[in-house]
Amino acid sequence: MTRHFLKDTDLSPAEQAEVLDLAVELKAAPYSRTPLAGPQTAAVIFDKTSTRTRVSFAAGIAALGGQPLIINPGEAQLGHKESIADTAQVMSRMVSAIIWRTYAQAGLEEMAEHASVPVINSLSDDFHPCQILADLLTIREHRGDVKGQTMTYYGDGANNMANSYALGGVNAGMHVRIAAPADYQPDAAIVAEAEALAAQTGGSLTVTDDPVAAATGADVLVTDTWVSMGQDSAGRDDAASPFTKFQVNQELMNLSNDAIFLHCLPAYRGKEVTAEVIDGPASVVFIEAENRLHAQKALMTFLLER
């Protein structure tokens with residue numbers, strides 16, 4: 001059966017750990033696995049603009065022996081002149097994988113339903129699972145085994161990053177804290193799914209509107225922009241924003257367990273994080289960005305070899 005990666009829990013805890021092990025291997029020996037040798041083609045579809053996703057997938061596909069086919073907005077019939085189902089069946093006969101950065105999670109699910117090659121969610125409005133794999137790899141490199149560690153996410157607790165930290169972090173056995181304003185906390189369905197998963201992995205999910213409590217003793221502090229792509233910024237990033245007290249600053253870092261700082265980028269210094277933190281010694285954001293390449297190569301290898 002063709003395997004897809006549409007959300008963080010599409011990998012079991014053991015499979016997630018296997019992908020991270022493979023990422024370590026591929027970071028040390030970048031050209032040691034070539035599941036796309038031929039070269040085979042992998043389609044990388046963009047409905048949203050991108051820097052890290054575009055470069056990391058294009059470079060990763062090439063390093064795995066393949067040829068990336070980048071499809072930018074407006075360059076295909078997908079979604080307006082041709083159905084997702086028909087597109088999936090056509091592309092499956094021509095490419096070895098479909099990577100899609102899009103809006104609706106339902107579109108990815110429909111693509112996977114009709115595709116006979118792996119479909120990878122490189123970002124949707126609901127999840128950003130490839131980013132979480134890169135973050136877990138970064139945590140492993142700087143803090144050791146991820147299981148049992150505490151990771152606190154600050155900001156919009158109802159966005160795609162918070163959803164993926166909740167599910168992907170708990171899947172790895174981490175204790176995940178989501179620190180967000182009361183009106184921007186995770187959907188009940190995400191909380192329920194994470195809690196059910198925690199019973200299997202030994203992890204946990206805590207949702208709070210107390211930024212100080214959330215930082216205390218944490219091993220990792222992470223944040224994201226207050227305004228996600230396509231959102232109206234009104235009321236989110238002005239002086240009266242409900243997110244202001246959730247800015248990651250040195251005071252919060254001082255409460256942590258010598259935490260590392262993560263951010264998926266792009267970052268807005270003086271908004272969700274201070275320059276002192278993101279440009280300081282605890283920040284590993286550029287290693288984290290590089291690890292998108294290694295984690296995604298591992299993910300593609302895992303899916304293609306099955």
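The figures that follow rest on heavy atoms only: side chains count, while hydrogens, waters and symmetry mates do not. As the structure is a prediction and not an experimental result, all values here were calculated from the model.
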Practice prompt. Could you tell me whether the side chain of M94 reaches within less than 4.5 Å of the side chain of T41, counting heavy atoms only?
Written response: no
Worksheet item: Quick one: CZ on R101 to OG1 on T49, what's the gap to the nearest 0.5 Å?
Response: 6.5 Å
Discussion item. Is a donor from one side chain sitting under 3.5 angstrom from an acceptor on the other, for S164 and D8?
Written reply: yes
Worksheet entry | Between CD on residue Q149 and NE2 on residue H175, distance to nearest 0.5 Å | 10.0 Å
Discussion item. Walk me through whether M91 and I45 qualify under side chain to side chain contact (heavy atoms under 4.5 Å, CB included).
Written reply: CA-CA 11 Å; M91 295 185 75; I45 307 169; 4.0 Å; yes
Practice prompt. Indicate yes or no for a side-chain donor-acceptor contact from T274 to the backbone of N249 under 3.5 Å, with no hydrogens or angles considered.
Written response: no
Worksheet item: Without hydrogens or angle criteria, can the side chains of E272 and T223 be said to hold a donor-acceptor pair below 3.5 Å?
Response: no
Discussion item. With heavy-atom distances below 4.5 Å as the criterion, would you say the side chains of F57 and I120 are in contact?
Written reply: yes
Discussion item. Does R54 qualify as a cation-pi partner of F46, given the criterion of NZ or CZ under 6.0 Å from the six-membered ring centre and within 45 degrees of its axis?
Written reply: yes
Fill in: Donor-acceptor under 3.5 Å (S256 side chain, G217 main chain)
no
Worksheet item: In terms of hydrophobic clustering (I, L, V, M, F, W, Y; side-chain heavy atoms under 4.5 Å; direct or indirect links), are L36 and I70 co-clustered?
Response: yes
Worksheet item: When you measure from the centre of the six-membered ring of Y31, is the NZ or CZ of R33 under 6.0 Å away and within 45° of the axis?
Response: no
Worksheet entry | Test item: side-chain donor near acceptor, T9 and N171, under 3.5 Å | no
Practice prompt. Before accepting this row, confirm whether a basic side-chain N of the pair K81/D86 lies closer than 4.0 Å to the acidic partner's carboxylate O.
Written response: no
Worksheet item: Where is the tightest heavy-atom contact between S116 and S92, given as atom of each residue plus distance?
Response: N-OG, 3.0 Å
Worksheet item: Does I84 share a hydrophobic cluster with Y103, counting links as ILVMFWY side-chain heavy atoms below 4.5 Å and allowing steps through other members?
Response: no
Discussion item. Starting from M151, can I reach I132 by hopping between I/L/V/M/F/W/Y residues whose side chains sit under 4.5 Å apart?
Written reply: yes
Worksheet item: What do the steps show when you test K245 against D210 for salt bridge (Lys or Arg N to Asp or Glu O under 4.0 Å), and what is the final call?
Response: CA-CA 9 Å; K245 73 174 186 176; D210 185 342; over 6 Å; no
Item to complete: State, to 0.1 Å, how close A43 and I71 come at their nearest heavy-atom pair, and which atoms those are.
Response: CB-CD1, 4.5 Å
Discussion item. Please check this pair: side chain of Q200 against backbone of L197, looking for a donor-acceptor N/O pair closer than 3.5 Å.
Written reply: no
Worksheet item: Looking only at atom types and distance, does a side-chain atom of N291 sit under 3.5 Å from a main-chain N or O of H294, one as donor and one as acceptor?
Response: no
Worksheet item: If only atom types and distance count, is the side chain of E82 paired as donor or acceptor with the main-chain N or O of Q77 below 3.5 Å?
Response: no
Worksheet item: Does the side chain to side chain donor-acceptor pair (under 3.5 Å) test come out yes or no for N160 and D125, once each step is laid out?
Response: CA-CA 6 Å; N160 52 4; D125 287 346; 5.6 Å; no
Worksheet item: Hey, any chance M111 and L6 share a hydrophobic cluster, counting ILVMFWY side chains that come within less than 4.5 Å of each other, even indirectly?
Response: yes
Worksheet entry | Under 3.5 Å donor-acceptor, T34 side chain and A37 backbone | no
Worksheet item: Less than 4.5 Å apart, any side-chain heavy atom of Y153 and any of V176?
Response: no
Worksheet entry | Residues F127, N121; criterion side chain to side chain contact (heavy atoms under 4.5 Å, CB included); working and verdict | CA-CA 8 Å; F127 302 103; N121 175 5; 4.0 Å; yes
Discussion item. Tell me if the centroids of the rings in F243 and Y154 come within less than 6.0 Å of each other.
Written reply: no
Worksheet item: Please, which pairs that meet salt bridge (charged side-chain N to carboxylate O under 4.0 Å, His left out) have at least one residue in residues 184-195, sequence neighbours excluded?
Response: K7-E193
Practice prompt. Tell me yes or no: between the side chains of R177 and T206, is some donor less than 3.5 Å from an acceptor?
Written response: no
Discussion item. To check you understand the geometry: which heavy-atom pair defines the closest contact between D224 and C264, and what is its length?
Written reply: OD1-SG, 3.3 Å
Worksheet item: Closest heavy-atom contact between V146 and M174?
Response: O-CG, 3.3 Å
Worksheet item: Taking all atoms of both residues into account, what is the closest heavy-atom pair of L299 and V19, and its distance?
Response: N-CG1, 3.9 Å
Worksheet entry | 4.5 Å side-chain heavy-atom contact, H4 and L108 | no
Worksheet item: Side chain of Q40, backbone of Q67: donor and acceptor closer than 3.5 Å?
Response: no
Item to complete: Please confirm whether the backbone N or O of T138 pairs with a side-chain atom of R143, one donor and one acceptor, at under 3.5 Å?
Response: no
Worksheet item: Any donor and acceptor pair, going by atom type alone, linking the side chain of S56 with main-chain N or O of L293 inside 3.5 Å?
Response: no
Practice prompt. Find out whether T51 and P266 are in side-chain contact, i.e. whether some heavy atom of one side chain is under 4.5 Å from a heavy atom of the other.
Written response: no
Worksheet, complete the sentence: In this structure, OG of S124 is separated from CD of E109 (nearest 0.5 Å) by 8.5 Å
Fill in: Test item: N163 side-chain N/O and D126 main-chain N/O as donor-acceptor pair under 3.5 Å
yes
Worksheet item: Of the non-hydrogen atoms in A29 and S32, which two are nearest, and what is the gap between them?
Response: O-OG, 2.8 Å
Discussion item. To the closest 0.5 Å, what do you measure between CD (Q16) and CG (L133)?
Written reply: 6.5 Å
Worksheet item: Is M161 close to Q131 at the side-chain level, that is, under 4.5 Å between some pair of heavy atoms?
Response: yes
Discussion item. Please report the interatomic distance CH2(W100) to OG1(T53), rounded to the nearest 0.5 Å.
Written reply: 15.0 Å
Worksheet item: How many angstroms lie between CD in E25 and OG1 in T301, if you round to the nearest 0.5 Å?
Response: 8.5 Å
Response to the item:
Quick note, salt bridge (charged side-chain N to carboxylate O under 4.0 Å, His left out) partners involving residues 275-302, not counting sequence neighbours, are R269-D279
Worksheet item: In terms of hydrophobic clustering (I, L, V, M, F, W, Y; side-chain heavy atoms under 4.5 Å; direct or indirect links), are I98 and I61 co-clustered?
Response: no
Item to complete: Check step by step if side chain to side chain contact (heavy atoms under 4.5 Å, CB included) holds for Q185 and I178.
Response: CA-CA 8 Å; Q185 295 189 346; I178 304 292; over 6 Å; no
Worksheet item: Have Y165 and D135 got a donor and an acceptor in their side chains that come within less than 3.5 Å?
Response: yes
Worksheet entry | Qualifying residue, where the test is side-chain contact (heavy atoms from CB on, under 4.5 Å) with F5 and the options are P118, C130, S122 | C130
